[in-house]
Protein chains: 2
Amino acid sequence: MVSDTNKTQAESIADKIRTLILNGTFQPGQPLRQEALSEHLNVSRTPLRHALQSLAENGLVETTGFKGARVAKPDPGMVDDLFAMRMLLEPLALKSAFQHHTKLDFAAAEMALDAAENEQQPSRLSDLNWTFHDALYRPSNRHTLLRTIEHLNRASALAEVIASSIVARPEKSAAEHRQLLEACKKGDETGAIALLGTHLQSAHHDIRNRNPRECPSSTE
Amino acid sequence: MVSDTNKTQAESIADKIRTLILNGTFQPGQPLRQEALSEHLNVSRTPLRHALQSLAENGLVETTGFKGARVAKPDPGMVDDLFAMRMLLEPLALKSAFQHHTKLDFAAAEMALDAAENEQQPSRLSDLNWTFHDALYRPSNRHTLLRTIEHLNRASALAEVIASSIVARPEKSAAEHRQLLEACKKGDETGAIALLGTHLQSAHHDIRNRNPRECPSSTE
DNA sequence: GAAACCATAATTGTATCCAATATTGATTTA
DNA sequence: TAAATCAATATTGGATACAATTATGGTTTC
């Protein structure tokens, strides 16, 4: 999200489309026509197709055969799976990173939390959310593990946005994040891992127990 | 692998390229030039690019900026991560599927094992390997969980092939598979989960303790 | 009047061509 | 002679044109 420099055009518009989805401009189930999108984003269909494919692999859009792509609409089963996996994998990442945390990592995490306080846009909040977790996990240097976790987080983002659990209760998430960060700073490994678990459980619970806003139920 | 019917051309050649990689025709680190590949597979560069992107998302090739794509060469850290994740996620899938196993699932699993006995080609063995595990996990109906596990399995395949742990010791893997299947048939849930754990540990161990065959160390 | 069938249009996938970027090699200069 | 610079080539990313597939609407037939 920093800038489009050194980034292929397909990646740039993938970010843009992801933002449009997370901000609710494109609602779940809505079909994403290639020609309309390409002219809307002022690009050709070629990079657009690459962007859609990338988003499909990340679970934000669902694409099938020759029928085109639509914004994914996460069902409860998908949300359960995503959080079940995150609850298994993220503690491992945190545990592996714990010995290698530096002040810079904590600073990066704190900066993300501070920025989130004054942010309303769901896509930005989602990004900052991941930035925080990533700051705590990355020192593990387990790139493959982190890549999978990032996928799961980005896929969860859509469900979180739909349930309005990010924008509606930012203070709750923020408090949990701060507690987690403090435990990490203190070097309280078991405490931090426990806090991470409850944080994920809490997020999962909030998503499940909120009625998703009615979306115009695309033609099926 | 059944047939190319109803499959987009990009997907078909993605399968072909994956086969070529797993069978050792394309060695790890080797650059994959688009024009050469496209004329070799008798397709245009457009679907080829989609295939490469798909393979990149699955971890079989690494693509960077404008420099092109190369066959991925899995480092030990990647292998460790993949198996650490599989050891956490696959028991969950098996556990979730356990109550819903039918005779058809067991038959499908057994068929895959039988087919593997008379198979030499690494890519086929890798496919059959996944077919077996998938047969035991799919009744869980947890599609999102299964999709992630499939990614991890396909990414592990390359490392397994490089270490020759599939082709060199098929009988060991086969024995573990049969034991696991028997436990499932008996309804011994805890036993099956334990066997799955040791099976994954064994596979991981075999990969780590074999010297990868020297590959012509592509130009860096 | 309902269902099957065929033609037309809309949309996606593929091939070809052009632009942008990276790599290679020679040439020049210190 | 070695290093830097710049031109020429090779390779990838993107735009446009074409083919294949699917969806849609009307017509026909029972």
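What you see below is based on every heavy atom in this structure, not just the backbone, and it leaves out hydrogens, waters and symmetry mates.
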Donor on one side chain, acceptor on other, [X] and [Y], under 3.5 Å:
| X | Y | result |
| --- | --- | --- |
| Glu160(B) | Ser126(B) | no |
| Gln53(B) | Ser54(A) | no |
| Ser38(B) | Arg45(B) | no |
| His151(B) | His151(A) | no |
| Asp105(B) | Thr102(B) | yes |

Legend entry - Donor-acceptor pair under 3.5 Å, Thr8(B) side chain vs dT12(C) base: no
Without decimals, in angstroms, what is the distance between [X] [atom1] and [N] [atom2]?
| X | N | atom1 | atom2 | value |
| --- | --- | --- | --- | --- |
| Leu48(B) | dT16(C) | CG | C1' | 15 Å |
| His50(A) | dT12(C) | NE2 | C1' | 14 Å |
| Gln34(B) | dA15(C) | CD | C1' | 14 Å |
| Lys67(B) | dA20(C) | NZ | C1' | 17 Å |
| Gln53(B) | dG13(C) | CD | C1' | 15 Å |
| Glu62(A) | dT12(C) | CD | P | 16 Å |
| Leu41(B) | dA15(C) | CG | C1' | 15 Å |
| Arg70(B) | dT23(C) | CZ | P | 10 Å |

Inset, instruction - Compute the bend angle of the helix from dG1(C)-dC30(D) to dA30(C)-dT1(D) from the end axes (five pairs per end), rounded to 10°. - result: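 So the angle between the two local helix axes works out to 10°.
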Legend entry - Electrostatic pair Arg208(A)-Asp80(A), nearest N-O below 4.0 angstrom: yes
Inset, instruction - Tell me whether the OP1 or OP2 atom of dA15(C) has a side-chain N or O from Gln9(B) closer than 4.0 Å. - result: yes
Legend entry - Residue-phosphate contact under 4.0 Å: Arg49(A) side-chain N/O, dT12(C) OP1/OP2: no
Inset, instruction - Under 4.0 Å between any heavy atoms, over every strand shown, what does Arg45(B) touch: base, sugar-phosphate, or nothing? Just pick one. - result: base
Legend entry - Sole residue of Leu22(A), Leu128(A), Thr25(A) in side-chain contact (heavy atoms from CB on, under 4.5 Å) with Ser123(A): Leu22(A)
Legend entry - Option among Thr19(B), Leu37(B), Val61(B) that satisfies the side-chain contact (heavy atoms from CB on, under 4.5 Å) test with Phe26(B): Leu37(B)
Legend entry - Most 5' of Phe66(A) and Thr64(B) on DNA chain D, judged by nearest nucleotide: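 Result of the comparison: Thr64(B).
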Inset, instruction - Mind running side-chain hydrogen bond (donor to acceptor under 3.5 Å, both in side chains) on Asn153(B) and Glu90(B) for me, showing each step along the way? - result: CA-CA 10 Å; Asn153(B) 271 265; Glu90(B) 299 199 20; 3.0 Å; yes
Inset, instruction - Could you tell me from which nucleotide to which nucleotide of DNA chain D, 5' to 3', there is an atom under 4.0 Å from chain B heavy atoms? - result: dT11(D) to dG14(D)
